[in-house]
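Input: a single structure, listed below in structure tokens.
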Amino acid sequence: MAQQKRDYYEVLGISRSATDEDIKKAFRQKAMQYHPDRNKEEDANEKFKECAEAYEVLSDASKRAAYDRYGHASTNFGAGGFNYNNYANFDFGNLGDIFEQFFGGATSTSSSSRKNAGLKHGQSITMSITLDFEEAALGAEKEIEIKRDEHCSECGGSGARKGTSPQTCPTCSGSGEVYQVQRSIFGQFKNAVLCNECNGRGKIINDKCPVCRGNGVTYNKRKLAVKIPAGVFDGSQVRLSGEGYAGPNGSPSGHAYLNISVKSHKFFEREGDDIIYEMPINFAQAALGDEIEVPTLYGSEKIKVPAGTPSGKEFRLKGKGVASLNGGNKGDQLVYAILQTPKKLSDEQKNLLEKLAHTFKNEK
């Protein structure tokens, strides 16, 4: 017994009052979800087929009207209507290609943005930098070397000899693209492709710049002073706007990104914006109390240790932590008293401790 077909509106997850744009958007989402190159579930192909079948009917005004009135009986698929065997032979190697055929490239860029393809930003640069613990916590200025393609200083990135200008491409009229008509199971679609005459630039350079040879960019390396903000941590990233590769056709440069690595400290640790420090104390200091000087990122501070302080006791130094990257207040320094057991005692110390131990035995 053949399995009963689901309602086409249910398949695409839309209402019966959906507009053509709603139908197209819903199919695009479903097709991406069940595309065989993205979804490896066993029933993905069947669901993809089901979505395509629903779209073919609902995107056609006359077929949709008949379906709304008579249901699946109006479609008569399998008798010369929808043939998935032909549809299944589409090239699924590039997910973008199939949507180019369905929607004229709607999954990548809009028509207006395609016309501005030559004005996109340049590529980004990613670099790594290692900071000392204090540099990450307090901020620093570091010098780095950037190697990149920069806009040619001779022609300003136009690629044309100084005093001349590129000419509008006669093939694409400066748009950088030409249109091709393609046919698919969904009908005839107009698809934009890069112009072969100007390689998508929209301009033809007849007299090339002698420095960059018409490329508009030259390779250069230079040193750059970079301000590292206070509060960065191991694994964070700092963006240097406009310090990436030059954009094509004189368009803006990309960005440079610094991946931060932070060295460990010999006695400080960091938890968020707080600094952790373990303060060693001896038995006498713990029992009798004392005033102890401890290091911080901002100089020394004194802590009053009360008599009878147990090991692990926390003391908090407000505002002695790390500046918040979010612009909030500084963290604190948390000081933990750690009782130190002496490994070697003098004879006098041993005698004193033995006498002290004897007094503890007499306590009731």
Side-chain angles (χ1 to χ4, degrees), residues 119-157 211-212 215-280 293-303 315-336:
L119 298 178
K120 62 183 179 181
H121 283 67
Q123 294 182 351
S124 298
I125 297 175
T126 301
M127 307 173 65
S128 297
I129 188 171
T130 301
L131 304 177
D132 292 331
F133 187 91
E134 290 88 345
E135 291 176 326
L138 303 177
E141 184 170 298
K142 307 289 285 187
E143 185 177 76
I144 62 173
E145 184 177 72
I146 292 184
K147 301 174 183 179
R148 64 177 188 174
D149 289 333
E150 298 181 346
H151 290 127
C152 176
S153 59
E154 176 70 13
C155 65
V211 176
C212 66
N215 294 319
V217 296
T218 55
Y219 179 79
N220 192 24
K221 57 182 179 180
R222 64 188 181 93
K223 295 188 182 297
L224 181 68
V226 178
K227 289 186 177 180
I228 305 296
V232 295
F233 49 87
D234 190 75
S236 60
Q237 192 177 71
V238 174
R239 188 179 83 168
L240 307 177
S241 298
E243 296 296 344
Y245 287 101
N249 306 327
S251 57
S253 299
H255 307 307
Y257 294 90
L258 292 182
N259 292 328
I260 304 295
S261 295
V262 181
K263 297 178 182 178
S264 58
H265 197 274
K266 59 182 178 180
F267 49 75
F268 286 141
E269 291 185 9
R270 180 174 172 180
E271 289 185 1
D273 293 336
D274 292 334
I275 296 295
I276 308 299
Y277 174 70
E278 293 185 346
M279 175 181 64
E293 191 173 85
V294 298
T296 75
L297 291 171
Y298 311 95
S300 297
E301 293 283 335
K302 290 184 177 181
I303 291 181
F315 299 89
R316 184 179 294 267
L317 298 176
K318 297 289 292 183
K320 296 301 180 181
V322 180
S324 173
L325 278 174
N326 297 325
N329 296 328
K330 290 181 181 177
D332 302 329
Q333 178 164 316
L334 306 181
V335 180
Y336 294 95

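For the numbers below, each heavy atom of this structure counts, side chains included, while hydrogens, waters and symmetry mates do not.
Between Gln123 and Arg148 the shortest side-chain heavy-atom distance does not fall below 4.5 Å. Side-chain contact between His265 and Arg270: absent, with no pair of heavy atoms (C-beta onward) separated by less than 4.5 Å. Within the 4.5 Å cutoff, no side-chain heavy atoms of Val294 are placed close to those of Phe315. Taking 4.5 Å as the limit, some side-chain heavy atom of Ser128 sits within range of a side-chain heavy atom of Asn259. Side-chain contact between Asp332 and Leu317 is absent, with no heavy-atom pair separated by less than 4.5 Å. Side-chain contact between Leu334 and Ile275: absent, with no pair of heavy atoms (C-beta onward) separated by less than 4.5 Å. Residues Gln333 and Asp274 form no side-chain contact, since every pair of their non-hydrogen atoms from C-beta on lies 4.5 Å or further apart. Using a 4.5 Å heavy-atom threshold, the side chains of Tyr245 and His255 count as separate.
Of the possible polar contacts, one joining the His151 side chain to the Ser251 backbone as a donor-acceptor pair under 3.5 Å is found.
Between the CD1 atom of Ile144 and the CG atom of Leu258 there is a distance of 4.5 Å, given to the nearest 0.5 Å. For the atom pair NZ of Lys223 and CD of Glu143, the computed distance is 5.5 Å after rounding to the nearest 0.5 Å. Expressed to the nearest 0.5 Å, how far NZ of Lys142 lies from CG of Leu224 amounts to 13.5 Å. Here the straight-line distance linking atom CD1 of Ile125 with atom CG of Leu240 works out to 9.5 Å at 0.5 Å rounding.
Taking the six-membered ring for Trp, Tyr336 and Tyr277 have ring centres at least 6.0 Å apart.
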Query - Worked check of side-chain contact (heavy atoms from CB on, under 4.5 Å) between Met127 and Ile129 - result: CA-CA 7 Å; Met127 307 173 65; Ile129 188 171; over 6 Å; no
Report task. Check the pair Val322, Phe233 against side-chain contact (heavy atoms from CB on, under 4.5 Å), reporting the backbone distance first and the verdict last. Result -> CA-CA 10 Å; Val322 180; Phe233 49 87; over 6 Å; no
Report task. Please report the C-alpha distance between Thr218 and Cys212 in whole Å, then the side-chain angles of each, then the deciding distance to 0.1 Å, and finally whether the side-chain contact (heavy atoms from CB on, under 4.5 Å) criterion is met. Result -> CA-CA 6 Å; Thr218 55; Cys212 66; 4.0 Å; yes
Query raised in the report: What do the steps show when you test Val238 against Val232 for side-chain contact (heavy atoms from CB on, under 4.5 Å), and what is the final call?
Result: CA-CA 9 Å; Val238 174; Val232 295; 4.3 Å; yes
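Of all non-hydrogen atoms in Ile146 and Ala256, the two that sit nearest each other are CD1-CB, 4.5 Å. Gly242 approaches Ser253 most closely through the heavy-atom pair O-CB, 3.6 Å. The two atoms that bring Ala230 and Leu325 nearest to each other are O-CD2, 3.5 Å, heavy atoms only. Considering all non-hydrogen atoms of both residues, Lys263 and Phe133 come closest at O-CB, 3.8 Å. When all heavy atoms of Tyr298 and Gly319 are compared, the closest pair comes out as CE1-O, 4.1 Å. Contact detail for Asp234 and Ser261: the closest heavy-atom pair is OD1-CA, 3.3 Å.
Taking a 6.0 Å sphere around CG of Asn329, one finds it holds 12 or fewer heavy atoms contributed by other residues, nucleotides or ligands. No more than 12 heavy atoms of other residues, nucleotides or ligands shown are found within 6.0 angstrom of CD on Glu269. For CD of Glu301, the number of neighbouring non-hydrogen atoms (other residues, nucleotides, ligands) closer than 6.0 Å is greater than 12.
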